[in-house]
There are 2 protein chains.
Amino acid sequence: MKSKIRKLRKQHRISQEELALSVGVTRQTITSLECEKYTASLVLAYKIANFFNLTIEEVFDFSEVEGDN
Amino acid sequence: MKSKIRKLRKQHRISQEELALSVGVTRQTITSLECEKYTASLVLAYKIANFFNLTIEEVFDFSEVEGDN
DNA sequence: TAAAAATGTAAAGTTGACTTTGCATTAAGG
DNA sequence: CCTTAATGCAAAGTCAACTTTACATTTTTA
């Protein structure tokens, strides 16, 4: 799933490792999310959004999720 | 994880099965979420929130998630 | 430009989200 | 009442989220 994680992280000038530590996961997990290897869990999505003082919807892109239309 | 799913579902007067069909999961999954057996995935959380025309943060309770404070 | 920091990637393992089936109980309606 | 709809629960299975370790490549900086 697409997200603004990398963009936000660069704006804040922190490494994947720093973000990983801040939200309680491995650097590998951050890499995987940024490279769209898989989708974050709800709790991790919240922690990341919260770290950047944003909402989940502001960080993650749900435009390709069917549901509304 | 706590959520307003059951409350919202009753307000809209629909069964677990109807909600399940609408968001593309099994009734069992809705039951499990309502009974806090496990936490929804990010995409499912979005679909449910979207079904009720709410944001994820309005439907799910992140107050017990460490991160902000 | 050499060393250090940051990132990409990969493989194997654990756990949790979700399915499928199925049965038992409760609530609702004719 | 009797039937049907709605819900709770359980067990076994699949797959995706996340970890751990480890190495190779790119970027940064002294």
Side-chain angles (χ1 to χ4, degrees):
Chain A
M1 141 157 294
K2 289 179 187 169
S3 78
K4 297 177 186 159
I5 297 176
R6 174 163 288 161
K7 187 180 176 185
L8 291 164
R9 186 172 60 75
K10 300 229 163 179
Q11 286 176 355
H12 286 245
R13 303 230 166 78
I14 61 175
S15 67
Q16 292 180 338
E17 184 123 39
E18 289 175 291
L19 177 56
L21 281 172
S22 296
V23 299
V25 293
T26 307
R27 176 179 70 83
Q28 181 57 235
T29 296
I30 301 298
T31 298
S32 298
L33 296 182
E34 291 190 354
C35 296
E36 298 178 40
K37 298 289 181 188
Y38 54 69
T39 298
S41 69
L42 182 55
V43 170
L44 178 53
Y46 174 78
K47 287 181 181 174
I48 292 174
N50 189 71
F51 178 84
F52 293 119
N53 287 308
L54 295 172
T55 64
I56 292 175
E57 286 86 349
E58 287 172 326
V59 177
F60 295 88
D61 176 21
F62 296 99
S63 64
E64 292 179 9
V65 175
E66 84 276 347
D68 39 349
N69 316 331
Chain B
M1 143 158 292
K2 288 180 188 170
S3 77
K4 297 177 187 159
I5 298 177
R6 173 163 289 162
K7 187 179 175 185
L8 291 164
R9 186 173 59 75
K10 301 226 163 180
Q11 286 176 355
H12 285 246
R13 304 229 166 79
I14 61 174
S15 67
Q16 293 180 336
E17 183 123 39
E18 288 175 292
L19 177 57
L21 282 172
S22 296
V23 299
V25 294
T26 307
R27 177 180 70 86
Q28 183 57 234
T29 297
I30 300 299
T31 296
S32 298
L33 296 182
E34 291 189 355
C35 296
E36 297 177 40
K37 297 291 182 184
Y38 53 69
T39 298
S41 69
L42 182 54
V43 169
L44 178 53
Y46 173 78
K47 287 181 182 175
I48 292 173
N50 189 72
F51 178 83
F52 292 120
N53 287 308
L54 295 171
T55 65
I56 292 175
E57 286 86 350
E58 287 171 327
V59 176
F60 295 87
D61 176 22
F62 296 99
S63 65
E64 291 179 11
V65 175
E66 84 276 348
D68 40 348
N69 320 328

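Side-chain atoms are counted along with the backbone in the values below, which use heavy atoms only and exclude waters and symmetry mates.
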Tell me which nucleotide among [options] gets nearest to the side chain of [X].
{"X": "B:S41", "options": "C:dT19, C:dC18, D:dC18", "value": "C:dC18"}
{"X": "A:T29", "options": "C:dT19, C:dG8, D:dT19", "value": "D:dT19"}
{"X": "A:S15", "options": "C:dT19, D:dT19, C:dT7", "value": "C:dT7"}
{"X": "B:Q16", "options": "C:dT20, C:dT7, D:dT7", "value": "D:dT7"}
{"X": "A:Q28", "options": "C:dA10, D:dC18, C:dC18", "value": "C:dA10"}
{"X": "A:L33", "options": "D:dC18, D:dT19, D:dG8", "value": "D:dC18"}
{"X": "B:L44", "options": "D:dC18, C:dC18, D:dT7", "value": "C:dC18"}

Handout entry: From A:S22 atom OG to A:F51 atom CZ, the distance as rounded to the nearest 0.5 Å
Key =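 Interatomic distance, A:S22 OG to A:F51 CZ, rounded to 0.5 Å: 4.0 Å.
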Euclidean distance, atom [atom1] of residue [X] to atom [atom2] of [N] [Å, nearest integer]:
{"X": "B:K37", "N": "D:dT7", "atom1": "NZ", "atom2": "C1'", "answer": "13 Å"}
{"X": "A:E17", "N": "C:dA4", "atom1": "CD", "atom2": "P", "answer": "17 Å"}
{"X": "A:M1", "N": "D:dC18", "atom1": "CE", "atom2": "P", "answer": "13 Å"}
{"X": "B:F60", "N": "C:dA17", "atom1": "CZ", "atom2": "C1'", "answer": "13 Å"}
{"X": "A:L19", "N": "C:dA5", "atom1": "CG", "atom2": "P", "answer": "19 Å"}
{"X": "B:Y38", "N": "D:dA16", "atom1": "OH", "atom2": "C1'", "answer": "13 Å"}
{"X": "A:K47", "N": "D:dA17", "atom1": "NZ", "atom2": "P", "answer": "17 Å"}
{"X": "A:I5", "N": "D:dC18", "atom1": "CD1", "atom2": "C1'", "answer": "14 Å"}

Can you find a side chain N or O atom of [X] that sits less than 4.0 Å from OP1 or OP2 on [N]?
{"X": "A:R6", "N": "C:dG8", "value": "yes"}
{"X": "A:T26", "N": "D:dT19", "value": "yes"}
{"X": "B:R13", "N": "C:dA28", "value": "no"}
{"X": "B:R27", "N": "C:dT21", "value": "no"}

Practice task
Keeping the roles fixed (side chain from A:T26, backbone from A:Q28), state whether a donor-acceptor pair exists under 3.5 Å.
Solution key: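 Judged by distance alone, no pair lies under 3.5 Å.
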Exercise for the section: Look at atom CD of B:E64 and say whether more than 12 heavy atoms of other residues, nucleotides or ligands are closer to it than 6.0 Å. Expected result: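 It does not: B:E64 CD has 12 such atoms or fewer within range.
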Handout entry: Ion pair check, A:R9 and A:E34, cut-off under 4.0 Å
Key =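 Salt bridge: yes.
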Problem - Heavy-atom closest pair, residues A:E57 and A:F62 - result: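 Answer, listing the atom of A:E57 first, then A:F62: CA-CE1, 4.1 Å.
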Practice task
Have a look at B:T39 and say if it touches a base, only the backbone sugar-phosphate, or nothing, with a 4.0 Å heavy-atom cut-off.
Solution key: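 Sugar-phosphate contact only - B:T39 comes under 4.0 Å of backbone atoms but never of a base.
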